[in-house]
Enquirer: 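Before I ask anything, let me first share the structure, which is written out below as structure tokens.
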Amino acid sequence: MRRRRQWTSSKGTFNPDDEQRVKHTKIGVWDLYEEITPELKNVPGGAKLEQLNEMKQSIPYIWRMLQDLSGLKSCWLALALYVACTVVLSLLPAVALWYSGQMLRIVESAVETRTVDTTVLTRVAVGRMTVAVVKRLLNHVKSRTMTLLDQRIKAHYSGHIFEAYARLDLPTFEDPIVRRQLEAAEGGRSSVAWDTVQMLANTFSHVIQLVSQVSVLLSVLRGQRDGTLIALLSFISPVFQWMRFQQFVSHGVWAATCRNNSYMRLQGLKRMVTSPIHRKEIVAGNLFQRLLNEFYVAQEAVGDDGGDFHELRRKYYLRDRLTSLSLLSDPLKEIPQIVFALRAVQYPASIPITLASLNLIQSTVSSFSHSLLQFFDQFGSVAVHLDSIRKLYEIKNIRLKVQDGRETYPENEQDLRSGISVEFRRVSFKYPGSDAYALNDVSFKIERGQLCVIVGVNGSGKSTILKLLIRLYDPTEGKILIDGRDIKALKLKDLRHAVAVLFQDYSHFPLSIKENIGLGDPYAPYDDERIERAAEAGGAYDFVKKLPDGFDEYLDRPVSDYYSSLPEGTTSLFGRSVDHSRVRRMGNMSVAESSQLSGGQMQRLAVSRTFMRSVADDSGVGLLLFDEPSASLDPQAEYDLFERLRALRGNKTMIFSSHRFGSLTRYADVILYMRDSVMDEIGTHESLLKKGGGYANVYNLQARAFLS
Ligand SMILES: Nc1ncnc2c1ncn2[C@@H]1O[C@H](COP(=O)(O)OP(=O)(O)OP(=O)(O)O)[C@@H](O)[C@H]1O
């Protein structure tokens with residue numbers, strides 16, 4: 001049965017199957033579902049009103065942005081300079097126009113009187129030249145301040161976006177709506193805030209340009225027959241053009257999904273060949289030709305419908321429609337000149353004076369129309385930018401799904417030395433977006449200082465128990481108690497400080513090995529000596545020392561090197577072979593971009609990170625959680641690890657999740673045997689063997705396989 005999808009946003013939940021409230025549009029391979037507001041349908045221009053209302057709501061964010069920017073180092077000065085240059089530059093076209101008018105008047109009177117007033121001519125010529133020089137100088141200052149502002153603003157907001165990402169808990173981070181919101185606030189390559197500052201300055205400059213040009217236009221048309229009529233006619237064309245190409249602004253609640261199989265395969269195939277993680281299988285499996293064929297078949301099937309959703313949606317709304325309005329808009333540009341000519345025929349007496357001014361009127365009107373069109377365009381993008389700035393600020397207020405507790409834990413640090421007690425009371429849990437129980441009515445208790453091993457087949461819920469214990473997620477039903485207190489009441493920071501965890505699907509940070517281990521204790525500055533002790537305890541010390549950069553080695557370099565685009569092995573113009581090894585040697589650059597460590601070595605590093613706090617004397621850790629810590633280790637390494645763990649453990653509570661029976665379960669105070677999301681059996685190794693149930697069965701199976 002197909003799962004029903006529905007979307008939740010701050011404006012509520014809406015379901016694409018509810019046809020009353022949702023409009024469905026097919027845009028290429030995408031299905032767009034837009035929530036309809038029935039009330040708006042009855043209000044003429046309702047959609048525009050809603051857009052204006054959204055703009056109004058965004059204005060406080062713009063004010064906040066300007067306040068933030070003026071607080072940045074030297075930013076207010078650069079900002080003031082930038083605005084001043086923009087304002088003066090916007091006045092220059094009007095000044096230039098005025099000089100053009102003066103120049104024409106001189107020519108006009110020269111034609112009439114056959115004499116030229118050289119003083120006036122020189123003054124006007126120098127004036128025009130000065131305007132050109134001033135324009136160049138102002139543009140120079142503006143571009144320098146722009147570079148500075150761009151850098152500072154980008155740096156400021158990259159910190160803002162970093163914080164917004166870093167603070168998210170797991171279910172909030174996994175929410176696709178939150179992810180898209182964050183991506184939109186990042187704004188791709190450009191910075192949303194800097195773009196908005198430029199847009200505001202440009203809008204301001206356009207207003208000044210328009211006002212100044214209107215004054216020049218009025219002064220030119222004063223005394224001119226039909227001047228006002230011609231001026232009004234010149235407005236028509238830009239207004240029509242603006243109506244045709246209004247900036248498209250998305251508003252309201254909507255969601256889009258792709259159900260086109262060919263497009264999904266096409267994207268999957270592209271990702272397969274570009275990502276380094278699949279290369280081994282592609283080469284070893286001889287997949288090249290097969291993938292290529294599949295790619296062309298999928299591409300053929302997708303045809304012209306494929307593409308990025310935002311791009312396709314923009315094109316869909318802005319597509320050029322041949323309407324009567326569009327047919328009219330271009331000829332409308334010619335109207336002022338035609339009217340002028342017709343009126344000249346009607347009043348021939350006015351021709352000698354006005355012919356000289358015609359050129360001026362034409363250039364003034366055309367420059368004015370251009371400014372007007374730009375202003376309208378700018379105004380459309382104001383809505384887009386206001387919307388983006390609101391998103392940019394709201395990302396820091398995204399509501400976290402795992403709510404923080406209020407109680408300090410523990411009341412006495414000394415208590416942790418004897419471990420933490422853990423109790424699950426009828427706990428059930430479903431992962432967000434899943435209908436199936438990952439844990440179903442699970443109850444157990446682990447006393448302080450006990451060693452507990454959770455065993456069970458794949459997918460039985462072992463890792464889920466550990467995730468709930470560190471509050472990556474909260475139970476759907478039931479209660480978890482830590483030292484007898486509700487886990488939700490404890491401050492998250494305190495809880496996570498008291499628990500050290502190693503996940504089964506651990507990851508390595510794209511930082512140096514030193515930081516990868518050191519971040520196991522975020523409350524202590526990097527302590528080289530402790531990092532080395534943690535590496536020894538995790539069994540990583542020896543191989544790390546042998547790496548070219550030792551503990552400073554990057555596992556996965558986050559910044560790539562760049563190379564010229566000349567193809568390696570070819571020859572350049574003068575016959576010199578293209579070989580990057582010379583420049584690479586000089587730059588001491590490595591060929592590989594990531595360290596090639598084995599799976600077991602990677603696991604040892606992850607274990608070392610978990611030990612970072614445990615090796616400290618005042619660790620503040622009372623509970624250690626290990627999810628399959630030895631899955632990639634050889635038998636000797638596994639044995640060594642468990643020995644070290646026993647030595648480090650002291651009296652702390654320790655919980656392991658494991659598929660392997662025997663090596664650990666023998667020492668366990670409690671064994672939880674999980675099957676199909678429920679806890680099937682609980683007891684010690686001996687008691688469970690005596691019981692002869694599921695645990696005993698699997699243990700005997702493994703023992704038999706080992707002996708035979
Ligand atoms: N992020 C997730 N979203 C949805 N379902 C999940 C997620 N993680 C796990 N599950 C499901 O929850 C159930 C329990 O998974 P869990 O990882 O706890 O099993 P496990 O016993 O640790 O398995 P394994 O031995 O393979 O590690 C499984 O059915 C799994 O498909």
Side-chain angles (χ1 to χ4, degrees), residues 1-8 168-179 400-402 422 424 426-444 446 451-478 480 487 499-507 599-600 602-603 606-607 610 623-633 638 641 654-665 668 670-682 688 693-695 697-699 701-702 705:
M1 200 182 78
R2 253 190 51 209
R3 266 180 50 204
R4 279 156 62 95
R5 289 158 189 253
Q6 55 179 33
W7 286 270
T8 307
L168 296 182
D169 60 36
L170 190 63
T172 317
F173 187 80
E174 284 173 344
D175 186 337
I177 297 173
V178 171
R179 297 290 286 274
L400 299 182
K401 296 189 193 233
V402 178
V422 170
F424 270 45
R426 309 207 63 178
V427 170
S428 295
F429 175 69
K430 289 178 187 171
Y431 279 95
S434 166
D435 292 334
Y437 278 107
L439 289 181
N440 198 351
D441 201 7
V442 171
S443 298
F444 63 86
I446 303 166
L451 170 65
C452 166
V453 182
I454 312 172
V455 286
V457 295
N458 291 130
S460 54
K462 302 181 296 292
S463 305
T464 307
I465 291 182
L466 303 187
K467 287 180 194 165
L468 296 188
L469 270 174
I470 194 104
R471 282 197 76 198
L472 286 187
Y473 301 95
D474 281 329
T476 320
E477 291 150 47
I480 299 174
I487 198 169
V499 182
V501 58
L502 171 68
F503 294 112
Q504 183 183 25
D505 49 353
Y506 54 82
S507 69
M602 290 289 209
Q603 186 151 26
V607 174
T610 314
L623 174 63
L624 291 150
L625 307 176
F626 288 95
D627 197 354
E628 286 287 347
S630 59
S632 307
L633 299 186
E638 184 181 37
L641 173 70
M654 205 178 252
I655 306 178
F656 281 93
S657 137
S658 179
H659 299 287
R660 302 193 203 181
F661 291 55
S663 52
L664 259 177
T665 48
V670 194
I671 296 168
L672 310 178
Y673 178 69
M674 300 291 299
R675 193 171 54 85
D676 290 343
S677 313
V678 295
M679 216 189 57
D680 220 23
E681 292 169 20
I682 180 165
L688 291 180
Y695 176 84
N697 254 342
V698 185
Y699 176 78
L701 206 72
Q702 279 195 8

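Predicted, not measured: the structure shown is a model, and the values here were computed from it. By convention here, the first residue in the shown sequence is residue 1. In each ligand, atom 1 is the first atom listed, and ligand 1 is the first ligand listed.
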Enquirer: Check the orientation of Y695 and Y673. Use parallel for under 30°, tilted for 30 to 60°, and perpendicular for over 60°.
Expert: perpendicular
Enquirer: Strictly by modelled atom types, are D169 and T172 linked by a side-chain donor-acceptor pair under 3.5 Å?
Expert: yes
Enquirer: Say whether, by atom type as modelled, one donor and one acceptor occur between the side chain of S443 and the main chain of R426 under 3.5 angstrom.
Expert: yes
Enquirer: May I ask you to decide if G694's main-chain N or O and E681's side chain share a donor-acceptor pair within less than 3.5 Å?
Expert: yes
Enquirer: Based purely on interatomic distance, does S434 place a nitrogen or oxygen under 3.5 Å from a nitrogen or oxygen of ligand 1?
Expert: no
Enquirer: Counting non-hydrogen protein atoms only, what is the nearest one to atom 17 (O) of ligand 1? Give residue, atom name and distance.
Expert: S463 CB, 3.6 Å
Enquirer: Show me which atoms of ligand 1 lie under 4.0 Å from any heavy atom of V457.
Expert: 21 (O)
Enquirer: Ignoring hydrogens, tell whether any protein atom lies closer than 4.0 Å to atom 14 (C) of ligand 1; use the non-hydrogen atoms only.
Expert: yes
Enquirer: For ligand 1, which atoms sit closer than 4.0 Å to a heavy atom of A438?
Expert: 12 (O), 13 (C)
Enquirer: Should the pair F429 and Y473 be assigned to parallel (<30°), tilted (30 to 60°) or perpendicular (>60°) ring geometry?
Expert: tilted
Enquirer: Could an N or O of ligand 1 be found under 3.5 Å from any N or O of E174, whether backbone or side chain?
Expert: no
Enquirer: Quick test: of every protein heavy atom, which one is nearest to atom 18 (O) of ligand 1, and how far off is it to 0.1 Å?
Expert: T464 OG1, 2.4 Å
Enquirer: Quick check: closest heavy atoms across P475 and V427, and the distance to 0.1 Å?
Expert: CB-CG1, 3.8 Å
Enquirer: Provide, to 0.1 Å, the distance between atom 5 (N) of ligand 1 and the closest protein heavy atom, together with that atom's residue and name.
Expert: Y431 CD1, 3.3 Å
Enquirer: So which heavy atom in the protein is nearest atom 27 (O) of ligand 1, and how far is it from that ligand atom?
Expert: Q504 OE1, 2.9 Å
Enquirer: In the protein, what heavy atom is nearest to atom 28 (C) of ligand 1, and what distance, to one decimal place, separates them?
Expert: G459 O, 3.7 Å
Enquirer: Could you tell me which non-hydrogen atom of V402 sits nearest to which non-hydrogen atom of D474, and how far apart they are?
Expert: CG1-OD2, 4.0 Å
Enquirer: Going by a strict under-4.0 Å cutoff (protein heavy atoms only), does atom 23 (O) of ligand 1 have a neighbour on the protein?
Expert: yes
Enquirer: What's the shortest distance from atom 26 (O) of ligand 1 to any protein heavy atom, and which residue and atom give it?
Expert: N458 ND2, 2.9 Å
Enquirer: For G456, is at least one N or O under 3.5 Å away from an N or O on ligand 1?
Expert: no
Enquirer: On the ring face of Y437, is K430 found with NZ or CZ under 6.0 Å from the centre and within 45° of the axis?
Expert: yes
Enquirer: If the test is side-chain contact (heavy atoms from CB on, under 4.5 Å), which one of L672, L688, I671 qualifies with V455?
Expert: I671
